[in-house]
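Only this structure's heavy atoms are used, side chains among them; waters, hydrogens and symmetry mates stay out.
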Amino acid sequence: MLVLYATETGNSLDAAERFVRQARSYHVETRLQSVAEYPLEDLPFESIVVFFISTTGSGVHPRPMNKLMSALLRSDLPSDLLDELHFAVFGLGDSAYEKFNWAAKKLDRRLGSLGGIRLTGRGEGDEQDPLGIEGALDPWMDKLFEELELDVSEASAKIDRNMLPSPRASFIPISGLATCPSSRPEGFLATLTRNERLTAESWYQDVRHLEFDFSDPIKYVPGDIAVVYPQVESGRVNAMLDRLGWVECADDVMEVHLDESFPWPSVRKLPERVTLRQLLTSHLDINAIPRRSFFEWIRHFSDDETERGKLEEFCSSEGQTDLYEYCHKVRRTIREVLDDFKSVTVPTRYVFDVFPPLRPRQFSIASSLRTHPSQIHICMAVVNYKTKLREPRRGTCTSYLSSLVVGSKIWLDIEPGMMKLPEDLSTPIICIGPGTGVAPMKAAIEERVTLGSRNNTLYFGCRSAGHDEHYKALWEKLNDTQSLRYQRCYSRSPRTENAPKYVQDLLRQDGSLVWDALKHGAWIFISGSSNKMPKAVKESLARIVQKYGAQTEEESEEYVRKLEIDHRLFEECWS
């Protein structure tokens with residue numbers, strides 16, 4: 001059985017690994033692989049494939065899935081291409097968003113239309129479920145194993161729950177080496193030349209503008225993504241080493257050997273030789289909110305009867321409500337869990353099983369290469385808040401970036417984004433980017449203005465005038481030179497009675513101008529939080545089409561859908 005996953009944040013990987021462990025407990029041979037690394041030409045020759053697919057933003061599939069979907073959606077594929085393939089799809093999503101589990105639904109339909117044979121109905125995990133994703137995952141896995149005609153009730157077919165699985169890695173000490181060179185990520189070496197706070201010092205949120213220079217040639221276009229490989233703060237690393245009892249061996253050099261049948265996800269290439277300190281600094285996420293699999297591992301490493309009993313309860317189906325209340329509802333971290341369960345001592349050989357990978361973070365590039373040669377700009381909100389436990393939380397990557405001083409060197413990679421600008425500079429563009437959603441809009445507008453285009457409109461929204469109006473001076477300068485039409489609104493500042501509060505209100509206020517631009521072939525770009533804003537913006541667009549285009553409600557909604565189909569409306573949104 002082949003198990004493929006596509007993920008941005010690691011959720012579908014965690015679900016896929018749980019499925020693989022369950023399958024192996026029934027003595028089913030499995031292979032686990034990311035869809036980004038799987039050779040797609042082999043798919044028609046597989047017997048059984050199980051997919052775990054996350055949905056990101058407003059119905060967008062994860063970027064590692066781009067190649068797979070592009071290949072599967074080709075119109076010249078025969079309808080019986082996959083008629084030997086038995087498949088099942090489990091989606092991970094959040095029903096609070098408009099297009100719930102859209103990526104999984106799209107994949108499931110396409111595999112069926114190419115002749116694939118469903119083993120069971122599509123599973124749809126929901127973050128809004130009181131039990132989280134597991135609320136749908138556990139019964140879906142049981143159903144799938146039944147369809148595979150495995151005798152899941154046969155006690156002899158299962159691995160004893162008290163049996164500790166083998167670790168996915170082994171370590172060989174390397175004597176005679178006092179130090180170990182740091183690992184080199186993928187990408188390009190960048191030098192920080194600017195780290196400037198955009199929001200007022202008195203404002204509660206710290207939003208920063210960062211500029212990086214590159215000595216090697218780089219290529220990107222507006223809409224592309226900067227990938228940052230963060231490092232965990234040394235204080236947090238030292239605290240975790242102390243808690244685990246690894247201080248004395250933290251800097252011992254080891255050679256790592258991974259289980260090829262249960263590979264470590266390649267979010268950052270592991271060096272052949274490494275220390276535990278390097279693993280906790282650059283490769284393992286010790287600040288994460290732990291998933292259920294974390295508790296399934298650490299229950300093996302407690303010698304206290306009471307604590308082990310509670311951990312066993314958290315791992316059971318009946319204990320999922322308690323686990324949600326204890327961990328996820330209050331966003332309790334791995335370190336805080338280990339502080340509560342003081343008897344847990346993790347053997348070093350299980351470090352890759354207990355701790356999730358430290359994933360790179362992605363930021364929309366906020367610059368045009370034509371305007372700023374050999375540079376990449378990032379617009380970033382520093383994650384800093386208090387949980388319901390009143391415990392402070394700082395984002396690993398944003399803390400890392402915000403602490404960098406000018407002259408610091410880090411590794412950045414570049415990934416293609418979803419946005420694409422019209423080739424004809426006379427084509428109008430309408431950019432809607434509230435908050436840090438303005439980042440890719442800055443790239444697009446700079447590119448167009450540098451090339452001589454003047455038919456550009458930006459709708460920007462923030463909370464307070466004078467506090468968080470990002471790049472205000474730039475927009476006003478471009479507006480004054482008539483290279484940009486700049487429209488703004490403030491949701492928390494005093495306003496007149498009919499003043500717009502949000503960007504969707506700004507659009508409706510400019511309804512006749514928006515409709516005129518659409519009649520002239522305008523392209524629309526939406527960027528920002530994927531919760532309510534994108535849906536509200538598209539609803540405003542539909543109402544504009546209905547009012548000024550003299551169309552029915554159904555016709556106007558279809559008009560907006562067709563803008564997306566025709567690639568004249570793009571979203572670059574995140575949760």
Side-chain angles (χ1 to χ4, degrees), residues 63 187-196 198 207-228 362-381 401 410 412-460 469-488 522-528 567-574:
R63 286 185 179 85
F188 307 89
L189 187 62
T191 302
L192 180 70
T193 57
R194 191 176 177 186
N195 185 347
E196 175 183 277
L198 292 176
V207 176
R208 293 190 169 266
H209 171 78
L210 297 99
E211 296 183 4
F212 295 94
D213 277 3
F214 297 80
S215 55
D216 293 332
I218 57 172
K219 290 183 179 180
Y220 67 88
V221 296
D224 283 355
I225 307 299
V227 181
V228 178
Q362 299 170 326
F363 297 90
S364 296
I365 295 176
S367 56
S368 161
L369 196 57
R370 295 180 186 273
T371 314
H372 306 280
S374 301
Q375 288 189 352
I376 281 180
H377 298 180
I378 290 174
C379 177
M380 172 195 79
L401 286 176
I410 69 169
L412 291 179
D413 205 357
I414 301 169
E415 290 184 355
M418 301 293 183
M419 272 178 37
K420 181 183 177 183
L421 290 174
E423 294 182 3
D424 187 348
L425 294 175
S426 66
T427 300
I429 67 168
I430 299 173
C431 300
I432 303 120
T436 55
V438 80
M441 308 311 177
K442 178 174 175 288
I445 292 167
E446 285 184 341
E447 177 94 352
R448 296 256 299 180
V449 170
T450 300
L451 291 172
S453 172
R454 300 167 70 86
N455 209 342
N456 312 297
T457 302
L458 171 63
Y459 291 96
F460 177 79
E469 191 173 343
H470 312 326
Y471 304 109
K472 175 183 178 180
L474 172 63
W475 308 135
E476 290 182 340
K477 177 183 177 181
L478 295 178
N479 188 79
D480 291 344
T481 59
Q482 298 185 339
S483 298
L484 173 72
R485 184 169 177 272
Y486 178 42
Q487 294 287 78
R488 70 199 98 176
W523 290 28
I524 297 173
F525 302 92
I526 306 171
S527 179
H567 302 293
R568 285 177 54 199
L569 190 156
F570 293 86
E571 287 185 38
E572 182 67 57
C573 298
W574 53 86

According to the salt bridge (Lys or Arg N to Asp or Glu O under 4.0 Å) rule, which pairs have a member within [range], sequence neighbours left out?
| range | value |
| --- | --- |
| residues 427-437 | none |
| residues 413-431 | none |
| residues 433-442 | K442-E446 |
| residues 215-225 | none |

Is there a side-chain contact between [X] and [Y], using heavy atoms and a 4.5 Å cut-off?
| X | Y | answer |
| --- | --- | --- |
| R194 | H209 | yes |
| L458 | N479 | no |
| S426 | N455 | no |
| R208 | L401 | no |
| H470 | F460 | yes |
| F363 | T436 | no |

Under the rule for side-chain contact (heavy atoms from CB on, under 4.5 Å), what residues qualify as partners of [X], not counting sequence neighbours?
| X | result |
| --- | --- |
| L412 | A190, F212, F214, V228, I410 |
| N456 | I429, R448, V449, S453, L484 |
| T193 | E211, D213 |

What heavy-atom pair brings [X] and [Y] nearest, and what distance separates the two atoms?
| X | Y | value |
| --- | --- | --- |
| R488 | E476 | NH1-OE2, 3.0 Å |
| L369 | S374 | CD1-N, 3.6 Å |
| S364 | A439 | O-CB, 3.9 Å |
| G437 | M441 | O-CG, 3.7 Å |

[X]: which residues meet the side-chain hydrogen bond (donor to acceptor under 3.5 Å, both in side chains) condition with it, sequence neighbours left out?
| X | result |
| --- | --- |
| S368 | T371, E447 |
| R454 | none |
| Q487 | D510 |
| R568 | none |

For F188 and I376, run side chain to side chain contact (heavy atoms under 4.5 Å, CB included): C-alpha distance rounded to whole Å, both residues' side-chain angles, the deciding distance at 0.1 Å, then the answer.
CA-CA 11 Å; F188 307 89; I376 281 180; over 6 Å; no
Hey, mind stepping through S215 and L189 against side chain to side chain contact (heavy atoms under 4.5 Å, CB included) and telling me if it holds?
CA-CA 8 Å; S215 55; L189 187 62; 5.9 Å; no
Checking the side chain of T457 only, and the main-chain atoms of I430 only, is there a donor and an acceptor separated by less than 3.5 Å?
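Checking the backbone N and O of I430 against the side chain of T457, no donor-acceptor pair under 3.5 Å is found.
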For the [atom1] atom of [X] and the [atom2] atom of [Y], what is their distance to the nearest 0.5 Å?
| X | Y | atom1 | atom2 | answer |
| --- | --- | --- | --- | --- |
| Q362 | I414 | CD | CD1 | 13.0 Å |
| I445 | Y471 | CD1 | OH | 12.0 Å |
| Y486 | K472 | OH | NZ | 8.0 Å |
| F570 | L421 | CZ | CG | 8.5 Å |
| M380 | L198 | CE | CG | 9.5 Å |
| L569 | I432 | CG | CD1 | 7.5 Å |

Has E196 got more than 12 heavy atoms of other residues, nucleotides or ligands less than 6.0 Å from its CD?
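Yes, the 6.0 Å shell around CD holds more than 12 heavy atoms from other groups.
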Would you please test Q375 and S367 for side chain to side chain contact (heavy atoms under 4.5 Å, CB included) and show each step?
CA-CA 8 Å; Q375 288 189 352; S367 56; 5.5 Å; no
Please name all residues satisfying ring pair (Phe, Tyr, Trp, His ring centres under 6.0 Å) with H372, sequence neighbours left out, ordered by chain then number.
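H377.
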Plane angle bin for W523 and F525 - parallel if under 30°, tilted between 30 and 60°, otherwise perpendicular
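If you compare the ring of F525 with that of W523, the planes turn out tilted.
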